[in-house]
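Heads up, the thing below is written out as structure tokens.
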4 protein chains.
Amino acid sequence: MSGSQTKSESRRQRVLDAALEVFAREGYGNAAVDEIARLSATSKGGVYFHFPSKQAIFLSLIDAAGALLLERTERAMAAETDPIAKGDAALLAVLRTFGGHRALARLLLIEALGAGREFNQRLSDLHADFARLIAAYLDEAVADGAFPPMDVDIASVAWFGAVNQTVTRWVLTGEPERLEDVYPTLRSLLLHGLQGPCAGENR
Amino acid sequence: MSGSQTKSESRRQRVLDAALEVFAREGYGNAAVDEIARLSATSKGGVYFHFPSKQAIFLSLIDAAGALLLERTERAMAAETDPIAKGDAALLAVLRTFGGHRALARLLLIEALGAGREFNQRLSDLHADFARLIAAYLDEAVADGAFPPMDVDIASVAWFGAVNQTVTRWVLTGEPERLEDVYPTLRSLLLHGLQGPCAGENR
Amino acid sequence: MSGSQTKSESRRQRVLDAALEVFAREGYGNAAVDEIARLSATSKGGVYFHFPSKQAIFLSLIDAAGALLLERTERAMAAETDPIAKGDAALLAVLRTFGGHRALARLLLIEALGAGREFNQRLSDLHADFARLIAAYLDEAVADGAFPPMDVDIASVAWFGAVNQTVTRWVLTGEPERLEDVYPTLRSLLLHGLQGPCAGENR
Amino acid sequence: MSGSQTKSESRRQRVLDAALEVFAREGYGNAAVDEIARLSATSKGGVYFHFPSKQAIFLSLIDAAGALLLERTERAMAAETDPIAKGDAALLAVLRTFGGHRALARLLLIEALGAGREFNQRLSDLHADFARLIAAYLDEAVADGAFPPMDVDIASVAWFGAVNQTVTRWVLTGEPERLEDVYPTLRSLLLHGLQGPCAGENR
DNA sequence: AATGAATGAGCGTTCATTCAT
DNA sequence: TATGAATGAACGCTCATTCAT
């Protein structure tokens, strides 16, 4: 990796960092490339040297954020063997990733949704990727006997949605102060639903 | 209701109908007031006679859509007495309302989110209203002994999120073809979670 | 004069009164016909029944204001016979007319100027009318031996300008509190100029 | 001064030149930024790159014109020592500055007045600056014994007004063809008033 | 690689005027 | 006479994108 490559990479990264902040603060439509350039201590031309368009910057951010979320979740699940523990690990990984980076949460769960048709596909793909991850785990857990047979497609989407909504509420209203505090309740709900754990079952 | 009132109201309603279509198709930022005027067979000035701003049109739509959703859900729940049946009714009402009006679903679950800070408050309020409705039901059901004690705040948000996400997937990907098809699975997940109904329990 | 004529006249006058207030407050360009209608307790259509256009309202006001100023000045001069006293009377009449009606002063000296080419002609005519009045007086006074021969055209314009500027300053800055307070100084300046009255001359 | 600075400055100046012409021709309200852009052989965006708003362009012009007028007058007065000669120099400087630039005269004496409350302050300031210049001169001349004691505030405003009105007439009606032709008459009026020079006084 | 001046299409909003009632 | 809903042209301003340097 040559010095100039490094410099170029860091410049590109500075642009992405600035873009994340601006997009999260202003939303996609209201974000100005000028502002991204200013925040990244570059010029407008500099931004356009590294990215072909404003849209491409946003897509880069979504892709990176999605990849980060997936990777963290996968890694956390891989560290466990027990099916239930795998699920717990996934839940915690998502809550921790979003809880530690509010701008990222805002970008992925809020701004990306209304940014236009072009991004819906990308977002659908990400949702699908994540659902696939959860679905694969559910399939395994079902095969393992930990869970009864179910429609894993819908179950994974619902799992994802329940988690998303608590994160979204946290982003929009600031409640609860620490996102991870929802973990015990959410865990119980995901596992046992509203009716709670069956008698004689542990935890 | 005089004739002129009727006419004026109908013009206003035509604008709202057109706006719903345009906002759902283009998103808030990309929607042009010109296009709304064209679709409602009015002039731009006509639109601005009935609404002070583009933002006000959007807010009107969100408020109306939110009120419709709440009202339908409340009405459906009121028709039942059994706690479990109330929950089922709420779930079905939401799925049917959204399933019967994809543009409305897109507006409320997708476009309103990324439309800017001004709308987040309104949306938060709606989310809170809906969560309160569910929370009140859960409180009752817990008191009734149908559900064990739980953190109803988080539970209602998670309930809402699981439903929203399936609706969102339907809006974005068209799956499943009929939204209501998710009802049985979603119902089971909400009630019993991933681990399914306890042995000896009926459905 | 029939009752309806009276009513019509009074309605028309109410529009003019409202227009004077709005034009003086907002300027010609920023004044809205809607606002004039509101202030005159009429509808927009009502305004347009009495006047063919916004421009016509403004011209009516300018004409009326100009006529009032001319008439007051002429009447005041007619009441005197001594040439110097005639001049004093004219000066006082102008100061009193403007001093008693700030909106009128603002309209004639400020707003009418920048309102557009269409009004410049009208304003020029008014200026010319007034200058003619002063010029006729000066001609008489010169013939009388009260003043030495002079270029009465320029003198009348300068007279008008000196007065106008003090009124304009009053409108814009509020100084002096009572416009008529400038009378003694202005009188002396107009009669004797900066060098003051000649030795042996009385006031 | 680098080449790019020169180019940027010249573009900015071209915009100002075009704006002066358009504002003088159409008035502030009727002037379109599009037209300014066309006349300066730029694009609308180009105009807005150099100025934040239409209002700012207008203010720039007023400030520059006011500064030019003040500077020319001050310079002309500084070149003389005799009080009377200083006054003559000031009068000539104003007449020549306006007489040589009709658009500038129109901007400062006509369009700026009716352009709105925002500009009145600026214009008041300019009037005050100019009045201060004249007042300072009058104070000196009084101390020198050239003029008798007087209310210099009002005298300077009247001086300014008499000159302005002749310039305004020239702008509006084109009379006299050469503005400077009013100089002798105006000079005499300002010095001696309508009653003319005292017997035994020279010039 | 980087800069920033320049472009120009597009948009929200205003408002004088018209006209059916 | 009077009303006020409707029209539509006009305008100030923004901003993603380009490109000469």
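Just so we're on the same page: letters track the sequence lines, and every chain starts at 1. Small disclaimer: the values here were computed from a predicted structure and weren't measured.
The salt bridge (charged side-chain N to carboxylate O under 4.0 Å, His left out) analysis of residues 50-59 of chain D, with sequence neighbours excluded, yields no pairs.
Considering every non-hydrogen atom in both A/R11 and A/H50, the closest pair reads CG-NE2, 3.2 Å.
Regarding B/E118, its CD atom lies at a distance of 14 Å from the P atom of E/dG12, rounded to whole Å. Here the C1' atom of nucleotide E/dA2 and the CZ atom of A/R14 are 12 Å apart, to the nearest Å. Note: CD (D/Q55) to C1' (F/dC13) measures 14 Å, nearest angstrom. Rounded to whole Å, the distance from OH on C/Y48 to C1' on F/dG4 is 13 Å. Between A/F51 atom CZ and E/dA2 atom P the separation is 12 Å, expressed in whole Å. Distance, B/K54 NZ to E/dG12 P: 4 Å, rounded to whole Å. Atom CZ of C/F49 is separated from atom P of E/dT17 by 17 Å (rounded to the nearest Å). Remark: C1' of F/dG12 and CD1 of D/I57 are 11 Å apart, rounded to the nearest angstrom.
Listed by chain and number, the residues in a side-chain contact (heavy atoms from CB on, under 4.5 Å) with A/A64 amount to none (sequence neighbours excluded). With sequence neighbours excluded, the residues satisfying side-chain contact (heavy atoms from CB on, under 4.5 Å) with A/Y48 are A/V33. By the side-chain contact (heavy atoms from CB on, under 4.5 Å) test, D/D125 pairs with D/Q121, sequence neighbours left out. With sequence neighbours excluded, the residues that form a side-chain contact (heavy atoms from CB on, under 4.5 Å) with B/D17 are B/Q13.
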Would you tabulate the side-chain donor-acceptor contacts of residues 36-44 of chain B under 3.5 Å, counting partners in other chains and residues two or more places apart, or write 'none'?
residue: B/R38; atom: NH1; partner: B/E35; partner atom: OE1; Å: 2.7
residue: B/S40; atom: OG; partner: B/I36; partner atom: O; Å: 2.7
residue: B/S40; atom: OG; partner: B/A37; partner atom: O; Å: 3.2
residue: B/S40; atom: OG; partner: B/T42; partner atom: OG1; Å: 3.2
residue: B/T42; atom: OG1; partner: B/S40; partner atom: O; Å: 2.9
residue: B/S43; atom: OG; partner: B/G46; partner atom: N; Å: 3.1
residue: B/K44; atom: NZ; partner: B/D34; partner atom: OD2; Å: 3.0

What pairs of donor and acceptor atoms, side-chain ones from residues 105-113 of chain D against any protein atom, are under 3.5 angstrom apart with sequence neighbours left out?
residue: D/R106; atom: NE; partner: D/A24; partner atom: O; Å: 3.4
residue: D/R106; atom: NE; partner: D/E111; partner atom: OE2; Å: 3.2
residue: D/R106; atom: NH2; partner: C/N120; partner atom: OD1; Å: 2.3

Inset, instruction - Starting at the 5' end of DNA chain F, write a dot or bracket for each base, bracketing those in Watson-Crick or G-U wobble pairs whose two distances are under 3.5 Å and using | for partners on another strand. - result: .||||||||||||||||||||
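If C/S53 and A/V47 are placed on DNA chain E by their nearest nucleotide, the residue sitting closer to the 5' end is A/V47.
Proximity of C/R11 to the phosphate of F/dT1: no side-chain N or O atom is located under 4.0 Å from OP1 or OP2. Remark: A/H50 is not in phosphate contact with E/dA1, judged by side-chain N or O atoms under 4.0 Å from OP1 or OP2.
Non-hydrogen atoms lying under 4.0 Å from DNA chain F are contributed by A/A31, A/A32, A/V33, A/K44, all within residues 20-46 of chain A.
Aromatic ring orientation, D/F58 versus D/Y28: tilted (interplanar angle from 30° to 60°).
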